[in-house]
Amino acid sequence: MSSIELAGVAKHWGDAAALHAVDLRIASGSFCVLLGPSGCGKSTTLRIIAGLEIPSTGKVIIDGQDVTGLPPAKRGIAMVFQNYALFPHLSVADNITFGLSVRGMPAAEQAMRLGQTAELLGLGALLQRKPSQLSGGQQQRVALGRALVAQAKVCLMDEPLSNLDAQLRQEMRRELRDLQRQLGLTVVYVTHDQTEAMSMADQVVLLNKGRVEQAGTPRELYARPASTFAARFIGTPPMNLVALDSGRIAGSDVVVGVGGASLGVRPESIAIGTDGIPAVVQDVEYLGADMVLRCAIGSETLLVRADGQRHCEAGERVGLRWADADAHAFDGDGRRIA
Amino acid sequence: MSSIELAGVAKHWGDAAALHAVDLRIASGSFCVLLGPSGCGKSTTLRIIAGLEIPSTGKVIIDGQDVTGLPPAKRGIAMVFQNYALFPHLSVADNITFGLSVRGMPAAEQAMRLGQTAELLGLGALLQRKPSQLSGGQQQRVALGRALVAQAKVCLMDEPLSNLDAQLRQEMRRELRDLQRQLGLTVVYVTHDQTEAMSMADQVVLLNKGRVEQAGTPRELYARPASTFAARFIGTPPMNLVALDSGRIAGSDVVVGVGGASLGVRPESIAIGTDGIPAVVQDVEYLGADMVLRCAIGSETLLVRADGQRHCEAGERVGLRWADADAHAFDGDGRRIA
Amino acid sequence: MTSGSHPSRQAVHAWLMLLPALVLLVAFTHWPAVSTLVDSFFSTPKGARPSVWAGLENYEVMAGDPVFWKAVRNNLAFAAATIPFSIGLALAMALWVNERIAGRAFLRMAYFTPTVLPMIAVANIWLFFYTPQYGLLEQITGALGLPSHNWLGSPATALGAVTVVAIWKEAGFFMIFYLAALQTMNPSLREAAAIEGASRWYFFRRVQWPLLMPTTLFVLVNAFINAFRMVDHLFVLTRGGPDNASTLLLYHLYEVGFSFWDTGYAAAITVVLIVVLAGIALFQFFVLDKKTHYQ
Amino acid sequence: MKPHRLTYNEPGWLDTLAAWVLALLWILPLAYAVWTAFHPAEFSTRFALAAPLTLDNFARAWAAAPFARYFLNTTLLVGMILAVQLVLATLAAFAFARYDFRGKNVAFALVLVQLMIMPDILLVENYKSMARLGLVDTLVAIGLPYFASAFAIFLLRQTFMGIPKELDEAARVEGASALQTLWRVYVPLARPVYTAFALVSVSFHWNNFLWPLIITNSVNARPLTVGLQVFSSVDQGVDWSVITAATLMTSAPLLIAFLLFQRQFVQSFMRAGIK
Amino acid sequence: QVPVEVQFYYPVAVGGPIAKTIDGFAEGFMKENPGIKVTPIYAGTYQETIVKALTAHKSGTPPVTSVLLSTDMFTLIDEDAVVPFDNFIKTDDDKAWLAGFYKAFMMNSQTGGKTWGIPFQRSTVVMYWNKEAFKEAGLDPNKPPTNWAELKDAATKLTKKDASGKVTQWGVQIPSSGFPYWLFQTLTTPNDAILANDAGTQVKFDDPKVIDALQTWVDLGKAGIHPPGVVEWGTTPKDFFERKAAIIYTTTGNLTNIKANAKFDFGVGMIPGNKRKGSPTGGGNFYIFKKSTPAQQEAAFKFAKWVTQPERAAQWSMDTGYVAVSQAAYDTPTLKKYGADFPPALVARDQLPVSVAEFSTHDNQRVTKALNDGLQAALTGTKTPAQAMKDSQQEADRILRSYK
Ligand SMILES: Nc1ncnc2c1ncn2[C@@H]1O[C@H](COP(=O)(O)OP(=O)(O)OP(=O)(O)O)[C@@H](O)[C@H]1O
Ligand SMILES: Nc1ncnc2c1ncn2[C@@H]1O[C@H](COP(=O)(O)OP(=O)(O)OP(=O)(O)O)[C@@H](O)[C@H]1O
Ligand SMILES: [Mg+2]
Ligand SMILES: [Mg+2]
C-alpha cells in the first residue's frame, strides 16, 4: 500500500515556472485524477512523483518515506507516458514485458502476464509488430500495457486513453477501475476528459497554472466549485457565469437571490419552458442525445442544455428557471462565497 | 475549392490489410469526420489522401484530378499528424511558419499569420520554445497551428484535439468550424470523440476494420444507424441492443413491437419511472450532470441515462418506457431492418 | 521514399544527388584502382625492360612470398585484437562522456587526442614509452620491480606493442561517432527504462545497443578496414621488424611498392587486399544492414 | 542533502573512476608532449618536479619552417575539403537513405569500396591526373582526391536512416521539396554527427602528410605537416623536445577547436515533438 | 631570355634549419648564374624524397636534380630515371673537380665505369664513448678500444648492474632497427668482408667472415654487455646521453647533436678493427633526372658542381655535421679552424681512407631487406647467425638472378 504526498513541490525551468509549491496527499489505494488546462503542470507533477524530474523545491514522500532523491526504479512505480515512450526496436510483446524481464521474472510467468494484458487491451494479434507498425491508439494501448503488466503499487498514467475511441475507452475505464480496486493500486491519473475524471476518481485534483485550485471528490468539485475557475472548468458545457450588477443580472433588471460579483448556474440545471426568466435563443448546437442552446438575458448569455429531440430555433423566446440550490455565488476574485 | 474522392482504395502491409476497397466522396468545402474504433484505418485513409502512403489499389482524386502518384507537396494540403511530428530543432514559431517559409512567403506576412495563429491557439507566450519544452497539449496546438497557418484548401486533421482539456477543446472546435466555413476549406477530420463528430461534421464516415460502415450526416447516423456496429458505436453510453427471442426480450416475456434478431434503444430515449416495463437497477454510474443506470430485464441489461440529481440505488425496482420511434430493429447479420 | 512521386523521377533525382560524389570517386579512386588491377597482370617495367603481360605471375610470386604470409598472419592477429577492443572501448568511452560525468569536457578531449595528434609525432612519443631502460613503461615496470624488457625489439612483443598503439588511436576515433549517435537518442526511452527499473547495463543491452546498431555497423566496417590499412605508426615504431615480426599487409605493400618499386607485384597485393576487404566489408554491411533497426 | 540532479541517468563512482583512469591513459602521450615541450631536453625522459621551464623548444621548432604560411595553407585546405565533403556527402547520403532506385546497392557498394582503397596506393595515378589537369603544387590538388568521402557518405547515410520518418513526412506535407527537406530537417537534426565528422575530417587533413608532400612543391601550397616532418627524420636520433614542441604548436588549434566544439554534442531531442 | 628552371628535391635528414642553408645556396648560385633559376624543394626524409621523385618521374614530370641516397643508385638506373654525369664532364676543371671527392664516397657513386651520383651530404659510422664512464670503470678515457678484443674487454668493464642484477649501463650498443645492414658493415668491414660486388649483382652473406662478424655481434648480446634484441636507432643517442650505453656506434651526422646534448665529456673514434679497420659510408648524392631537357641537365650539373665547391662543402659540413666530401674542403681555412677547435669533427675524415661503400645492389631495397631480416633474426635469437645468413643469401640470390 502506498500513499503519496507532495510537500511544497515547485518546479522551474529557468524563468518558466511549471509548478508553484504544490501540496498534495493521495491516500494509499485511491484513484486520484489530475485535471487542469493544457500546460498547467499535470505531467510535471506526475514526472516528479515518478522521479523523472527533481523538484526545484519541496519533497516527495511515498509511503511515509522521503523519496525526493531516489531514482525512479527504487520507487516501485509504473507509468504511462503521455508520449508513450515505446521502445521502437522492440516488438509489442517485448515492450510490454520489458519491466518483467528486467526483474528476471521466469519466462513462463512473463508469457502468462503478457497474455492477460494483451487480451485486456485487445493487442493479441499485434504482439509481434513493432511500434512503428501500429496505429496511434494501438501504440497507446501498448504503453498502457507496459504499465499494467508490472502491477506496481503506484501507477502513474498520463492521458492513457486520449487516443482511443469512445467505446474502447469506456471499456478501458471500467477495466482500469476494476484492476485498481482489485489490486489496491494507488493510481495518479491525468486526463482532460471530465467524464473520465468524474466516473473514475476517488479524488480529483484541479490544477491551474501550477497551483492546486481545488482538490476533493468529484461530487464536491461539481457541486461546490471553489472558484470560478473550477466552476467553469468542470462540466460540459461549463457552468454559466453571469456578471451581477448589484444583485441583478448585468444589463437587465432580473433580480437573482444571491450577492457577490457573479452568479454561476450549470446549463443542465436550467429548465427551459415558457415561463421563468425571459430569454432569447441565439444559437443551437446539436449534440445527439441533447442540444445546447445559447440564450441571452440582458448583456449576458447563458448556455442551456436541453433534450436533443426537442425542436428549437434561433430567435425563439423562452423562459428559463433554476432552483436556488443550483445557484453559486462568487466574489470579485472569483472565490466562492460561503 | 477542392473535393476529394477515394475510388476503391485499399492498403496492405504484407499480409495485414488496413483498408479494403474504400469508396468515399467528400464534397468541396465540407467538413467530413472519420470515425471508427482504434486501428480501423482512419489515419491510413488520411495519409493516403495526403500522399504519404501509396494505396495498394485504387485512386485518389482531388478536385477531379487523379493525384494518386502526386507527391504530398503538390496536393495543396495541410495536415495535423496524430503524433504531431513537430520539428524538434525548430522553435514553436519556426515550426508554425515552416510551410510558409518553404514556399518563400515574405517575412512580414509570415509574421502576421504567425501572430494570428498563435493567438488563436494560445501559444503567444511560447513562440520561442522548442517542442521539447512544451507540454503535450501545447505540442498538439503547435501541430494544429502548423496546419492552420497555411490555409491550404484541403486540411487533414488526425485527432487534433485529443490532448486538450475540455474547455480549450470546445473553443478550438468552434474556431476550427468558423475557420473552415469562412475559408471554405475541405476538412477531413479524425476523431474518437463523438460530441466532436456530431457537432462539427457535415458528413460522418464510420469505418470498421478497413471498410466504410456508414456515411451520412450526424443526424442520420444517430437516428438511423445502418448496422448494430454503427448503432453501438455512436452515442455515449451506446445504444442498448437487446436480443429478441421471437418478438420478446430474451429471458423475459416482455413483448416489443418489432421483429428481427435484436432491438436497439438509446439510453437517453428511455424514460425511467414507476410504470412501464419492469426492471431492476443493478449499478449506478455518476457522471456529473447525469448518471447512467444499468437495468436488467430478463437476461438482458439496458443502460438508462437519467438526471444526475435524482437519487437511485442498486437493487431498486423501476419501470422503463420508450417511444416506438426510438426502437430500432436489426437482423441476424446486424443490418438494419427497413 | 515512402511518398508519392513517380519512381523513375525519383531515380533521376537520386542519381543527380549522387553524381558529383560518384564522378570524383570514379576519377580518383575507381579509375586508378582499375588501372592497378590491370597492372597486376603485367611485369614491373624496369627502365630498359618495358612491362609485359605476365598473366598470374605476380599472384604466384605472392603465393610464394613468405613475408606476405607472415604479414597475413600478423594482420589477422592485429585485426582480432584491434577490432573488438577499439569498438568496446569506444563504446564505453562514449557512454561515459554522453552522461553528466565529472570532468566531461576533459574526458572527451582526452579520448579524442589520438585523432588530433599527428601520427608521426605520436609514434615517436610511443617510441619513448616503449624504449628499454628509461622509457615510460620501463620506468613504471622498474618501479614495480619487474625486469626490463625490449618491447619493440623482441619478436614476442613487437606486434603486441604496435597493436596497443592502434587500439589507442582507433578507440578515441570511434568514440566520437558513438557519442554523436547517443546524443540523437530519444531521452524518453531512458525514462521509460528507469521507470521499469532497468539497470544501466540492462538499459544498454536492451535499448542503447540495438539502437546504436547503425553506428556500430558503420564503426565495424571501418574498424575492420582500418585493421588492414593502419600503418603510419609502424614506420616509426618497428618498420615491420624484428625480422617481420610486426609486419602488416599494408606495410608490406608499401615496401614492395615504394621501396622495391615492384609495381606489378604491389598491384597484385593491392588487388587481393581490396577484393578480400571489399568482399568481407560488403558482406558485413549488406547482412547486418538488414538486421539493423534504423528508427 | 538535497539532490540537484537526476541520479538515474548518471554514472556511478565506479564508472567515473574507470572513465578517468582510461582518460589519463589516453592522454598520456599528450601529457608527455606537454611536459617535454616545456622542459629542456635532458628532462625529456626524467620527470622531476623541479625541472626548469623553457620555451626554447618552441622557438627552435618555429624557426625550422615557415609555419605561419603553413598554418594559413592548412586552414584553407581543411576548410575547403570539409566544405566540399559535407556538401557532396550530404547529397549522396540522402539519396542512399531516402530514395529507392535501381542500382542503389551497387552504387553504395562502389562508394564503400573507397574505404578499402588506401589513397597512398593511388599516388602515382593521381599524380598523373593532377599533372594532366595542371594542378600540381596547388591546394586544390591536395584536396581533390578527398572531396568525395565514402566515410562521410556512409556515416551520414546511417544517420539519415535514423531520422524519424514522421519529420520527413511533415516537411513534405508542408510543401518542402526534397532538397528543402534535406536542408531544413535532416541536416539540423544530424548536427552532432556533422560535428563528429567535421572534427575527424579536419583532424585527418590537418595531419595528412604523404600526398600533400608529393603533390606540392612550394611553400605557398604546403600544409603544416610538411613543416612538422622536418623533425621526424631520425638520422640524428629522436629529439623529443623539439618534436613535441612542434606537435603541440601545430595541434594546439585542433585541441582548442575540439574543446570548443565538443559542446556541440548535446542531446538533440530528435524525437521530441513526436508522440 | 627565359631562365632555365631547375627543380631540385632535397631531403632533410638532420634537425635544424637546413632549408635556409639550401635556399642560401640556391640564391648564391643564381646570382652567379643569371640564366638559371634553381627551385629547391624540400621533399621529406630520404625515403619520402625518392617516393616523390619517382612518382613525379613516372608521371613524366620529374625534378631536374635531386639529392637521394647513394644506395639508390641502382634503383634509379633500373628505373631508367637518371643520366650519368660523364656527359657533362668536359673541361679539365670538371675532371679535377670529380677527382677531388674522397674515393670512399665515389664507390657508391660509380658503377659500370660511369658516374651516376655526386657526393653531397655524406656520412660514415663512427664510435662515440663516454669518457666519464671509462674513468669510472678504470679505463683510460683517452684510449678507446681499437679492436674487437679491446672492445669486448672495455664493454665488459663498462657494463653496470644494479642490486637486482638489472643492467643500468650497457658496455656497447650498436643499433639494429631500420637499417641494421649499415651498422653490420662496421663489423664485416673490419673482418675484411665486402658484402656486394661493385656491379651490384652479387652478394656474399654466407661468407664465413660475414657469419663470424654477425656471431661477434650476437655474442656481445649473449655476453650481457650489449642490449638484447633489436636496438632502436632513433633512441641510441639518447641512450648515450642518459648513460645507458657507454659506447655507441652511430653516424657522424650525430656529432652536432651529441656535442649539444651530452652532459659529459665524450670521445669520437674510428670503428674498432679486427683483421683491418673500416666502416661504411652513407648519405646522399646528387642525381640528374633523364626526363628533363639537356639545358636543364646542364644547369643542374653546374649547380651540383657549384654546391660541392670546397667553401660550400665546408660550410655544409659545419652546418649539418656531415662529412665534407673532398679533401679540398678540409683544407679551407674555415674548416681547418673548426677542426682545430673541435678535433672530433675530423675523425670521420680520418676514417675515410679505410672506409668502404655502403651496401648496395640492384633491386637494392629488396636485397637489403633480405639481409636486414637475417640480421634481426640472428640478433633476436630466432636463428643462428649461420642459418640467418644462409637464408638471406638464398633470398638475395633469388632476387639478383635476373641481373646477372
Ligand atoms: N506499417 C504498418 N505495418 C503493418 N500494419 C500497419 C502499419 N501501419 C498501420 N498498420 C495497421 O493498419 C491498421 C490501420 O491503422 P491506422 O493507423 O489507420 O488506424 P487508425 O484508425 O488511425 O487507429 P487509431 O485511432 O488507433 O489511430 C492498424 O490495425 C494498424 O495496426
Ligand atoms: N523543459 C521545459 N522547459 C520549459 N518549460 C517547460 C518544459 N517542460 C514543460 N514546460 C512548461 O511547463 C508547463 C507545465 O507542463 P506540463 O507538461 O506539466 O503540462 P500539462 O499539464 O501536462 O499539460 P498538457 O495537458 O498540455 O500535457 C507548461 O507550460 C510547459 O510549457
Ligand atoms: Mg501533459
Ligand atoms: Mg490513427
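This structure is a prediction, so every number in the text was calculated from the model and none was measured. Hydrogens, waters and symmetry mates play no part in the numbers below; they use all other heavy atoms, side chains included. Letters A, B, ... mirror the listed sequences (proteins, then strands); counts begin at 1.
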Please determine, among C/His30, C/Arg104, C/Arg108, C/Arg229, the option with the most heavy-atom pairs under 4.5 Å with chain D.
C/Arg108
How long is the gap from OH on C/Tyr111 to CD1 on D/Ile27, to the nearest 0.5 Å?
10.5 Å
Which one of D/Leu255, D/Thr36, D/Asn208 has the most heavy-atom pairs closer than 4.5 Å to chain C?
D/Leu255
Honestly, the part of D/Asn126 sitting under 4.5 Å from a heavy atom of chain C is side chain
Is D/Phe209 close to C/Pro118 at the side-chain level, that is, under 4.5 Å between some pair of heavy atoms?
no
Among C/Thr263, C/Leu24, C/Thr36, C/Thr292, which has the most heavy-atom pairs under 4.5 Å with chain D?
C/Leu24
With a 4.5 angstrom heavy-atom cut-off, could you sort out which part of D/Arg157 is near chain C: side chain, backbone, both or neither?
side chain
Hey, could you give me the CH2/CD1 distance between D/Trp240 and C/Ile125, rounded to the nearest 0.5 Å?
10.5 Å
Under 4.5 Å from a heavy atom of chain D, the part of C/Asp289 involved:
side chain
Closest non-hydrogen contact found for D/Ala148 with C/Ala21 is CB-O, 3.4 Å
Please flag which part of C/Val221 lies under 4.5 Å from any non-hydrogen atom of chain D: side chain, backbone, both or neither.
side chain
Please confirm whether C/Phe218 and D/Phe151 have ring centers closer than 6.0 angstrom.
yes
After noting the C-alpha distance and the side-chain angles of D/Tyr99 and C/His13, does the key distance pass the side chain to side chain contact (heavy atoms under 4.5 Å, CB included) rule?
CA-CA 9 Å; D/Tyr99 282 81; C/His13 280 180; 3.9 Å; yes
Checked C/Asp232, C/Leu282, C/Leu107 vs chain D; the most non-hydrogen pairs under 4.5 Å come from C/Leu107
Ranked by heavy-atom pairs below 4.5 Å to chain D, first place among C/Ala27, C/Ala102, C/Gly172, C/Ala33 goes to C/Ala102
Against chain C, label D/Thr244 side chain, backbone, both or neither, depending on which of its atoms sit under 4.5 Å from a heavy atom there.
side chain
At a 4.5 Å cut-off on heavy atoms, which part of C/Thr184 comes close to chain D: side chain, backbone, both, or neither?
both
Proximity breakdown for C/Met93 and chain D, heavy-atom pairs closer than 4.5 Å:
side chain
So do the side chains of D/Leu28 and C/Phe129 get within less than 4.5 Å of each other, counting heavy atoms only?
yes
Looking only at heavy atoms, which of residues 198-206 of chain D get nearer than 4.5 Å to chain C?
D/Leu199, D/Val200, D/Ser203
Do D/Trp26 and C/Phe112 make the cut of ring centroids closer than 6.0 angstrom?
no
Go through the atoms of C/Leu217 and report whether side chain, backbone, both or neither lie under 4.5 Å from a heavy atom of chain D.
both
Contacting moiety of C/Leu273, where chain D heavy atoms sit under 4.5 Å
side chain
Using heavy-atom distances under 4.5 Å, tell me whether C/Phe203 contacts chain D through its side chain, its backbone, both, or neither.
neither
Pair count under 4.5 Å, heavy atoms only, with chain C: among D/Ala97, D/Ala33, D/Ala18, highest is D/Ala18
Using a cut-off of under 4.5 Å for heavy-atom pairs, which of C/Trp126, C/Tyr254, C/Tyr134, C/Phe228 has the most such pairs with chain D?
C/Tyr254
C/Phe224, part contacting chain D, at a heavy-atom distance under 4.5 Å
neither
When the 4.5 angstrom heavy-atom criterion is applied to C/Ser35 and chain D, the contacting part is side chain
Where D/Trp20 and C/Gly103 come nearest, the two heavy atoms and their spacing:
CZ2-CA, 3.8 Å
Stepwise, does the side chain to side chain contact (heavy atoms under 4.5 Å, CB included) test hold for C/Ile176 with D/Phe258?
CA-CA 11 Å; C/Ile176 210 84; D/Phe258 180 81; 3.7 Å; yes
Centre-to-centre under 6.0 Å for C/Phe285 and D/Phe154, is that the case here?
yes
Among D/Pro192, D/Ala95, D/Ser251, D/Ala19, which residue has the highest count of heavy-atom pairs closer than 4.5 Å to chain C?
D/Ala19
Where does C/Leu19 contact chain D at under 4.5 Å (heavy atoms): side chain, backbone, both or neither?
neither
Looking only at heavy atoms, the pair that brings C/Leu22 and D/Val111 closest together is CD2-CG2, 4.0 Å
Chain C heavy atoms under 4.5 Å from D/Ile153: which part of the residue, side chain, backbone, both or neither?
side chain
So what's closer than 4.5 Å to chain C heavy atoms on D/Thr16: side chain, backbone, both or neither?
both
Would you mind checking which part of D/Leu22 comes under 4.5 Å of any heavy atom in chain C, side chain (CB onward), backbone (N, CA, C, O), both or neither?
both
In Å and rounded to the nearest 0.5 Å, what is the CE to CD1 distance from D/Met116 to C/Ile274?
9.0 Å
Max heavy-atom pair count under 4.5 Å with chain D, selected residue of C/Thr270, C/Leu250, C/Leu95, C/Val122
C/Leu250
Do you know which of D/Leu115, D/Ile117, D/Leu110 makes side-chain contact (heavy atoms from CB on, under 4.5 Å) with C/Thr29?
D/Ile117
Let's go through C/Phe28 and D/Leu122 carefully: what are the C-alpha distance in whole Å and the side-chain angles of both, what is the deciding distance for side chain to side chain contact (heavy atoms under 4.5 Å, CB included) to 0.1 Å, and is it a yes or a no?
CA-CA 8 Å; C/Phe28 295 105; D/Leu122 311 175; over 6 Å; no
Please classify the contact of C/Ile101 with chain D as side chain, backbone, both or neither, using a heavy-atom distance under 4.5 Å.
both
Within the 4.5 Å heavy-atom criterion, are C/Phe286 and D/Asn105 side-chain neighbours or not?
yes
Does the side chain of C/Val97 reach to within under 4.5 Å of the side chain of D/Gln262, using non-hydrogen atoms?
no
So, the part of C/Trp31 with a heavy atom under 4.5 Å from chain D: the answer is neither
So how far is it from D/Thr247 OG1 to C/Met119 CE, rounded to the nearest 0.5 Å?
12.0 Å
Would you mind reporting whether D/Leu123 and C/Phe258 have side-chain heavy atoms less than 4.5 Å apart?
yes
